[in-house]
Amino acid sequence: MVSRDDLQSHLRQLLGVDRFRDYGPNGLQVEGRAQVRRLVSGVTASLQLIEAAVRERADAILVHHGLFWRGQDGRITGWLRSRVALLLAHDINLYAYHLPLDDHPEHGNNAQFGARLGLKADARFGEQELGFAGVAAALTSLDSLVDAATRVCERAPTVVAGDGRALRRIGWCTGGAQGTFEAAIAAGVDAYVTGEISEPQAHIARETGVAFVACGHHATERFGAPALAQHVASVFGLEHRFIDVPNPA
Ligand SMILES: [Zn+2]
């Protein structure tokens, strides 16, 4: 068992939360009961995840995508009201860690996704150094990289082939990090793996020869929250369960 506040300070220190410029508040977003014994982790604080956490009689939920983002107008109405109301009605704490959870070299989304592909970062690139790059290891062809991504994400990625070169270095960044493609190219990778693709990346891949592999936003970000939650569960002797709410994105 751990107190709500001790859990937050542990996570803040572990993830180096204060180093990041982020799009929403990292840490405790909705305050629940004072003590935490049962923890549920998930990718996004959706209504479905909160309902599942209620069924699990969770004291806290730990997610990558919380409820509050820059650009919202501050009103707690509609779908946001439903989510907040359910958390408050059951006195459940909501902890959310966005960029600090992408970044963490062991428990983070990038580290955990990379490890499943067989990749280990020896360099960083891009905005706040959130992009990871490393030696291609066993994935020296685009086909082998696509096979590995298909296995890890349990779906076929969207692929824009480059110039067919052998892969020596691969860059990756989970989620909606298509905008980091050019920084990956500048960092010298031969292929870049992320969650989403937008229109410009297809042309940039063809014109630079660097392959672009989009595996899905949710699909690439299913690994950080449970890894982090499992870590704090073992530190504090908590019960933990990861609940994956399927998402086609
Ligand atoms: Zn994300």
Side-chain angles (χ1 to χ4, degrees), residues 11 14-17 19-30 40-50 52-53 61-72 79-80 83 94-117 119 121 124-133 149 152-155 157-158 171-184 192-201 212-231 242-249:
L11 286 163
L14 179 69
L15 299 176
V17 161
R19 289 187 290 120
F20 295 88
R21 297 181 306 280
D22 213 330
Y23 313 100
N26 286 296
L28 186 64
Q29 289 197 343
V30 178
V40 157
S41 62
V43 178
T44 298
S46 63
L47 189 63
Q48 240 183 303
L49 179 69
I50 299 167
I61 303 175
L62 187 153
V63 294
H64 179 49
H65 302 136
L67 294 178
F68 306 107
W69 299 98
R70 195 165 65 197
Q72 286 172 330
W79 59 267
L80 183 54
R83 297 185 191 181
L94 176 68
Y95 298 87
Y97 297 92
H98 185 234
L99 298 182
L101 182 56
D102 290 321
D103 173 86
H104 192 271
E106 186 184 349
H107 309 300
N109 281 317
N110 281 323
Q112 292 284 325
F113 179 59
R116 282 164 176 80
L117 291 173
L119 300 172
R124 297 285 200 98
F125 58 86
E127 161 91 14
Q128 300 185 63
E129 306 232 287
L130 287 163
F132 282 41
V152 171
C153 296
E154 299 166 41
R155 68 162 82 170
T158 300
W172 70 97
C173 193
T174 60
Q178 62 269 57
T180 304
F181 186 32
E182 285 169 88
Y192 178 64
V193 185
T194 184
E196 299 187 31
I197 184 168
S198 298
E199 196 270 354
Q201 283 85 43
F212 189 96
V213 181
C215 302
H217 189 134
H218 173 89
T220 55
E221 295 199 322
R222 285 179 301 153
F223 310 114
L228 179 65
Q230 193 52 49
H231 169 77
F242 171 63
I243 296 174
D244 192 21
V245 176
N247 190 320

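What you see is a predicted model, and the numbers here were worked out from it, not measured in a lab. We use all heavy atoms of the structure for the numbers below, so side chains are in, but hydrogens, waters and symmetry mates are not. Each ligand, and each atom within it, is numbered from 1 in the order the structure gives.
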Legend entry - Passing candidate, side chain to side chain contact (heavy atoms under 4.5 Å, CB included) with L49, options V40, T44, D244: V40

Inset, instruction - Say whether, by atom type as modelled, one donor and one acceptor occur between the side chain of E196 and the main chain of G216 under 3.5 angstrom. - result: no

Legend entry - Residue pair F212 / T194, side-chain heavy-atom distance below 4.5 Å: yes

Inset, instruction - Measure the acute angle between the ring planes of W69 and H98, then classify it against the limits of 30° and 60° as parallel, tilted or perpendicular. - result: perpendicular

Legend entry - Exceeds 12 heavy-atom contacts within 6.0 angstrom, atom CD of Q48: no

Legend entry - Polar protein atoms near the Zn ion (ligand 1) [N, O or S; cut-off under 2.8 Å]: H65 NE2, H217 NE2, E221 OE1

Inset, instruction - Verify the ring-centre separation between H65 and H218: is it less than 6.0 angstrom? - result: no

